[in-house]
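Structure first, then comments.
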Amino acid sequence: MITPTSVLALRLAGPLQSWGASSRFTRRTTESAPTKSGVIGLLAAAAGIERGDDARLAPLAALRFGVRIDQPGTRVRDFQTAHHSVTGKSMPLSERFYLADAVFVAVVEGEHTLLAELYAALRAPVYPPFLGRRSCPPSGPVELGLHERARLEDVLLDVPWQASDWYRRRLLHQAPDKLTVLRERAVDERGATDALRDQPLSFAAAHRRHALRTVVTTHVALPPGPPDEWQGHHDPFEALPGALEDESV
Amino acid sequence: MTRIFLDVHALQTVPPSNLNRDDTGAPKTAVYGGVPRARVSSQAWKRAIRTYFREEQLLDPSELGVRTKKVVELLAERITGLDPALGVEEALRLADETVKATGLKTEVPKRKADQAKDGGPAPAPESKYLVFLSSRQLDGLARLALEGADDIRAFLKDKKSKDRAREIADTRHSVDISLFGRMVADAADINVDAAVQVAHAISVHRVENESDYYTAVDDENTEEETGAGMIGTVDFNSATLYRYAALGVHQLAANLGQGLREDEPRSEPVRRAVEAFVHGFVASLPTGKINTFGHHTHPDAVIVKLRATRPVSFVAAFEDPVRSNGGGHLREASDRLAAYIPDIERAYGDQETTLTWVLRVGPSTGKLTDLGTESDTLTGLVAAVGQAVAERLEKPA
């Protein structure tokens with residue numbers, strides 16, 4: 001009998017995110033959704049797993065991963081120069097790509113005890129989380145909830161639509177009827193898949209290694225927006241009309 | 001594990017300026033909350049902070065590092081400093097071997113090698129990547145090189161000396177390296193993970209870049225037909241920026257290693273680094289086109305939080321862009337923060353262990369007063385934060 005799994009859900013939102021899967025050298029691209037290595041890295045950092053500690057990383061890397069694109073965002077190209085500290089001369093230019101204004105729900109599925117530990121670690125991280133690049137801190141907490149005895153597919157179906165208020169307002173009359181899900185294949189699943197080289201094997205600085213993993217692209221019906229309670233928390237500007245009146249004084 | 005996080009938030013208004021430009025010369029931007037914003041990259045501001053450390057002498061030069069490819073030349077200078085009898089070429093050779101023993105690859109740049117063929121002096125090898133070394137590390141390596149000066153190759157072939165070279169390059173990191181990290185692609189074991197996370201600064205309001213068409217008059221042109229000596233355009237914007245950085249004090253302490261001197265308390269180097277960081281983050285400014293625009297400003301409001309759980313960015317307070325209503329953006333931005341911070345802290349913060357300081361200027365930022373202990377001056381803020389960090393390091397919350 002297969003042990004029932006749990007699922008840890010994260011909300012990945014911030015002004016900028018950058019999830020590179022194959023970038024090196026001076027052109028650092030981003031995928032259009034969070035990578036498994038990026039999200040596992042975020043969890044490992046929160047748990048205080050050091051870069052070279054492949055043994056502690058292994059159980060995290062073994063979690064099944066999926067991501068739902070709640071708000072796709074737009075691509076930003078950043079152009080960076082560096083200067084030689086002694087001569088002041090320009091160094092090679094580099095291009096970095098970011099996703100601006102995007103919101104994702106990322107989930108990992110696996111054994112409950114491990115996920116409970118990671119959930120706790122996110123609330124008191126050793127190394128704070130970032131969205132693919134250190135200069136991209138999340139806005140608001142990333143942990144969204146721990147679902148016991150659940151499957152990744154079902155959680156991605158049920159978690160409320162996490163898109164920002166402005167985005168939902170803008171799409172009020174033309175809301176998408178479905179959201180794209182990119183997830184790993186289940187153990188017993190067949191059928192065509194894509195592959196992405198973002199299965200982390202080692203984050204050791206000397207030899208970062210990634211293997212291929214499967215990516216199944218599906219869609220889920222658009223879930224309802226967040227419940228009022230959550231909304232109340234993230235929309236704290238109800239007091240503002242009063243504040244604006246002050247200004248006219 | 002003891003966690004000590006420090007997060008620093010600032011609202012800063014800059015007049016028409018171009019602090020950080022992209023490849024077309026226009027100020028950098030990003031979209032947030034569905035509208036375009038002014039953006040200053042984290043890299044640009046980190047560089048400004050590092051420069052500020054040096055120029056304002058917030059730290060002793062021995063506590064700072066240098067980021068360069070010319071590591072062999074720098075080390076050779078230290079070596080001749082210790083033993084002036086050594087010739088330049090000999091010092092360069094010792095330095096090159098020692099640098100290589102730390103695991104870095106060096107090579108003579110092709111352009112310089114070609115120049116040397118035409119009879120120029122033998123050029124010094126450079127490391128293949130920008131290397132960030134602390135002053136103390138360079139001193140240590142210079143001493144090691146002199147120790148083996150009789151036969152440097154044989155000396156460094158010995159595993160013990162080689163290990164010492166690596167150890168010197170991987171301990172006693174400078175304050176700036178401990179804060180911002182060091183990346184060396186070909187000698188991974190002397191990488192340092194940054195203890196600080198600096199976010200891209202973004203405007204709290206919608207910003208469209210503007211373009212200024214200019215003409216320059218030729219003062220000496222009296223005879224010919226009058227007209228511009230030169231024409232062009234310069235792009236700029238003005239913005240009220242939200243700036244955010246988070247510092248893992250426990251990680252910084254690990255990067256810095258043990259105290260510099262036996263007679264200092266263990267927390268002393270960390271306190272000094274934290275103070276320099278807060279001061280540098282608040283007061284530094286990227287200098288892009290500063291002579292054109294003179295955008296010298298300081299933040300109107302600074303909020304610092306010392307925490308035992310996790311850092312929190314308040315950028316979501318500005319996802320809905322601030323509208324000016326004719327009175328600038330600062331007042332509403334402050335009001336937003338004053339409403340948002342207690343809200344998010346109640347839901348996710350740790351009121352018991354979190355300490356908050358506020359430094360603010362002018363009536364527009366008035367609502368921020370109640371968020372924490374007010375400091376009258378930046379110096380006062382920096383000292384209060386440093387003191388609290390030192391206390392927490394000695395006695396965790």
Side-chain angles (χ1 to χ4, degrees), chain A residues 13-16 46 48 51-52 73-74 76-87 91 93 95-96 98 100-101 122-130 133-141 164-167 170 204-208 233-240 243-244 246-248, chain B residues 1 3 5 22-23 28-35 37 39 41-43 47 66-70 73-74 130 181 187-189 191 193-194 197-200 202 244 246 248 250-251 308-317 319-320 325 327 331-332 335-336 338-340 343-344 347-348 367:
Chain A
L16 295 172
R51 280 194 178 279
T74 53
V76 173
R77 173 169 164 274
D78 192 42
F79 176 77
Q80 194 183 330
T81 60
H83 294 272
H84 206 292
S85 71
V86 177
T87 64
M91 301 299 297
L93 308 170
E95 266 183 306
R96 292 162 189 230
Y98 296 90
D101 244 346
L122 285 174
R123 284 174 289 173
V126 175
Y127 303 118
F130 52 84
R133 234 187 253 297
R134 204 185 295 268
S135 60
C136 305
S139 61
S164 301
D165 293 344
W166 71 268
Y167 188 76
R170 183 175 289 185
H207 50 91
R208 265 186 225 202
H233 170 68
H234 263 259
D235 190 14
F237 307 128
E238 284 156 336
L240 279 176
L244 288 175
D246 281 355
E247 202 160 24
S248 59
Chain B
M1 178 172 188
R3 289 171 189 79
F5 290 109
D22 67 14
D23 49 335
K28 286 183 177 179
T29 55
V31 178
Y32 188 49
V35 305
R37 313 286 185 114
R39 173 171 66 95
S41 74
S42 60
Q43 297 90 350
R47 181 165 193 275
V66 57
R67 184 176 203 178
T68 180
K69 281 187 172 182
K70 301 202 171 198
E73 263 175 75
L74 272 177
L130 286 170
D189 52 344
N191 280 350
D193 266 323
Q197 225 182 346
V198 177
H200 295 242
I202 61 166
Y244 167 73
H250 51 290
Q251 198 183 347
T309 46
R310 57 172 157 183
V312 181
S313 159
F314 302 141
V315 73
E319 187 169 12
D320 187 10
N325 298 315
R331 179 186 295 266
E332 196 189 330
D335 293 355
R336 289 266 185 106
Y340 181 77
D343 220 26
I344 193 149
Y348 297 104
K367 287 208 175 147

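Side chain of B:Arg310 to main chain of A:Leu122: a donor-acceptor pair is present (N/O by atom type, distance under 3.5 Å, no hydrogens or angles). One N or O on the side chain of B:Gln197 and one on the backbone of A:Pro129 form a donor-acceptor pair closer than 3.5 Å.
The two atoms that bring A:Ala100 and B:Val31 nearest to each other are CB-O, 3.3 Å, heavy atoms only. Counting all heavy atoms, side chain and backbone alike, B:Gly33 lies closest to A:Asp101 at N-OD1, 2.8 Å. In terms of heavy atoms, A:Pro138 sits closest to B:Ser313 at O-CB, 3.7 Å. Across all their heavy atoms, B:Ile344 and A:Gly140 have their closest contact at CD1-CA, 4.3 Å.
For B:Ala194, the parts lying under 4.5 angstrom from a heavy atom of chain A are both the backbone and the side chain. For a residue to count as touching a neighbouring chain, one of its non-hydrogen atoms must lie under 4.5 Å from one of that chain's; by this rule B:Ala199 touches chain A with backbone and side chain alike. Using a 4.5 Å cut-off between heavy atoms, B:Phe314 makes no contact with chain A at all. B:Arg37 does not touch chain A: none of its heavy atoms, backbone or side chain, sits under 4.5 Å away. There is no contact between A:Tyr167 and chain B, counting heavy-atom distances below 4.5 Å.
Taking A:Gly14, A:Pro125, A:Ser164, A:Ala13 one by one and counting their heavy-atom pairs under 4.5 Å with chain B, the maximum is reached by A:Pro125. Note on A:Arg51, A:Arg134, A:Arg170, A:Arg123: by heavy-atom pairs under 4.5 Å with chain B, the leading option is A:Arg134.
Classification of the A:Tyr98-B:His200 ring pair by plane angle, with boundaries at 30° and 60°, yields perpendicular.
The line from OH of A:Tyr127 to CZ of B:Arg3 is 10.5 Å long, rounded to the nearest 0.5 Å.
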